[in-house]
Amino acid sequence: MPTTVPAHGPDAAARLASMADVTASDAALRRFLHGLPGVDAVGLEARAASLGTRSIKTTAKAYAIDLAISMIDLTTLEGADTPGKVRALSAKGVNPDPTDRTTPRVAAICVYPDMVATAKEALGDSGVRVASVATAFPAGRAALPVKLADTADAVAAGADEVDMVIDRGAFLAGRYLKVFEEIKAVREACRRPDGSSAHLKVIFENGELATYDNIRRASWLGMLAGADFIKTSTGKVAVNATPANTLLMLEAVRDFRAATGVQVGVKPAGGIRTSKDAIKFLVLVNETVGDEWLSNEWFRFGASSLLNDLLMQRQKLSTGRYSGPDYVTVD
């Protein structure tokens, strides 16, 4: 296989073009996706559970906590979001622990499109990215022109990354080419006037896809369409990121890179609240795809409350004392 290239790199399009026959028609895409190996649900869940029992030494735990902090997309996606709340969250993302300046910054602040400009101004040149949900998040029930306008508005306001939702209704109805073409169109809407692009994360909402086979098919569909990241969920439904469905997506990006040479990131989101949970997911990454994915360029946590627990555990490791929830800000 040729040298690995990132999905957002200039060579990725040429690599994906080599699989154009797979996406030439709805029938061809269906044949390919349904020709993927079926998922052994029992084996998948057993492996995820087994990896989740791994214990790590104190020094490795300290490293894992800092790594997890640096991978967080610190998120606020509520109807009651205000500019003040977004500015406060941005300040926390840049300086998570004011008492310890060695604490890593988060990867990104994730907001609705109308709050992108506020987050961008608040973050300044900190290096923390601005991510924006788009495409009629979280349901995705809107016409394509509306979704593209939503995306373009976020990018014009300064979004570095866009988290889109797929049309789950179309996917579940077997209209795979419609979903593929919509992802491609949103990717094009991520392009800036200077030719650069906001990175695109494609959300599947695994809890609504019903089967592991569907999650594997959605993963390949998103990557074939040019996703920079594939993402488990919106965090707005009952079932979000789980070790098993994240493991399945990690296996998909591993196999996709082996087939195309294109490397794609993974973002579990929703329900990951504790340091223990985060470390379990990092073990999944290390054991499934290796340390090449162990950076915020390739793995993210979509979370709001996770950062607080990581900060408390970090302080406990450094001082030997558990400070309790009053030590951190309430987001």
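All figures in this text were calculated on a predicted structure; none of them were measured in a lab. Only heavy atoms go into these numbers, but all of them, side chains included; no hydrogens, no water, no symmetry mates.
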Less than 4.5 Å apart, any side-chain heavy atom of [X] and any of [Y]?
X: Val111; Y: Asp81; value: no
X: Thr246; Y: Leu250; value: yes
X: Leu221; Y: Leu29; value: yes
X: Arg314; Y: Pro104; value: yes
X: Phe32; Y: Thr23; value: no
X: Phe137; Y: Asp163; value: no
X: Trp293; Y: Arg257; value: yes
X: Met19; Y: Thr260; value: yes

Tyr176 ring center near His34 ring center (under 6.0 Å): yes
Aromatic ring proximity, centroids under 6.0 angstrom, Trp298 and Phe229: no
Once rounded to the nearest 0.5 Å, what's the spacing between atom [atom1] of [X] and atom [atom2] of [Y]?
X: Ile183; Y: Met223; atom1: CD1; atom2: CE; answer: 11.0 Å
X: Arg300; Y: Lys267; atom1: CZ; atom2: NZ; answer: 7.0 Å
X: Leu306; Y: Asp277; atom1: CG; atom2: CG; answer: 8.0 Å
X: Cys190; Y: Leu148; atom1: SG; atom2: CG; answer: 9.5 Å
X: Met71; Y: Leu67; atom1: CE; atom2: CG; answer: 3.5 Å

Leu282 and Phe301: CA distance, side-chain angles, deciding distance, side-chain contact (heavy atoms from CB on, under 4.5 Å) verdict: CA-CA 10 Å; Leu282 293 180; Phe301 292 106; 4.1 Å; yes
Within 6.0 angstrom of [X] [atom1], more than 12 heavy atoms from elsewhere:
X: Asp125; atom1: CG; result: no
X: Glu121; atom1: CD; result: no
X: Arg30; atom1: CZ; result: yes

Less than 4.0 angstrom from a charged side-chain N to a carboxylate O is my criterion; do [X] and [Y] meet it?
X: Arg273; Y: Asp309; value: no
X: Lys184; Y: Glu181; value: no
X: Arg187; Y: Glu182; value: no
X: Lys201; Y: Asp73; value: yes
X: Glu78; Y: Lys236; value: yes

Indicate yes or no for a side-chain donor-acceptor contact from [X] to the backbone of [Y] under 3.5 Å, with no hydrogens or angles considered.
X: Lys61; Y: Ile56; result: no
X: Asn240; Y: Gly271; result: no
X: Glu205; Y: Arg168; result: no
X: Asp213; Y: Gly38; result: no
X: Asp291; Y: Leu294; result: no
X: Asp228; Y: Leu200; result: yes
X: Ser90; Y: Val86; result: yes
X: Asn245; Y: Thr242; result: yes
X: Ser197; Y: His199; result: no
X: Arg87; Y: Ala122; result: no

Cluster overlap [X] with [Y], hydrophobic side-chain contacts below 4.5 Å:
X: Tyr212; Y: Phe171; value: yes
X: Leu51; Y: Val39; value: yes
X: Val253; Y: Phe204; value: yes
X: Ile215; Y: Val237; value: no
X: Val146; Y: Leu144; value: no

Of all heavy-atom pairs between [X] and [Y], which one has the smallest distance, and what is that distance?
X: Thr151; Y: Ala134; value: OG1-CB, 3.8 Å
X: Ala244; Y: Glu45; value: CB-CG, 4.0 Å
X: Thr232; Y: Ala241; value: OG1-CB, 3.6 Å
X: Asp150; Y: Thr135; value: OD2-N, 2.9 Å
X: Ala198; Y: Val155; value: CB-CG2, 4.1 Å
X: Ala7; Y: Val262; value: CA-CG1, 3.6 Å

Check against side chain to side chain donor-acceptor pair (under 3.5 Å), Asp194 and Ser196: CA-CA 6 Å; Asp194 65 1; Ser196 64; 2.6 Å; yes
Side chain to side chain donor-acceptor pair (under 3.5 Å) involving Lys178 - partner list, sequence neighbours excluded: Asp167
Worked verdict on Asp100 versus Thr103 for side-chain contact (heavy atoms from CB on, under 4.5 Å): CA-CA 6 Å; Asp100 185 351; Thr103 308; 3.8 Å; yes
side-chain contact (heavy atoms from CB on, under 4.5 Å) involving Thr82 - partner list, sequence neighbours excluded: Lys85
side-chain contact (heavy atoms from CB on, under 4.5 Å) partners of Asn95, counting only residues at least two apart: Pro98, Arg101
Name of the residue among Leu89, Asp160, Val116 meeting side chain to side chain contact (heavy atoms under 4.5 Å, CB included) with Ile109: Leu89
Pair Val94-Leu123, side-chain contact (heavy atoms from CB on, under 4.5 Å): steps then yes or no: CA-CA 7 Å; Val94 172; Leu123 292 168; 3.6 Å; yes
Worked check of side-chain contact (heavy atoms from CB on, under 4.5 Å) between Leu247 and Arg47: CA-CA 9 Å; Leu247 173 59; Arg47 176 162 172 76; 3.9 Å; yes
Verdict with reasoning, Lys92 to Asn308, per side chain to side chain donor-acceptor pair (under 3.5 Å): CA-CA 10 Å; Lys92 182 174 181 177; Asn308 284 352; 2.4 Å; yes
Glu161 vs Lys231, salt bridge (charged side-chain N to carboxylate O under 4.0 Å, His left out): CA-CA, chis, key distance, verdict: CA-CA 13 Å; Glu161 302 170 354; Lys231 179 176 172 181; over 6 Å; no
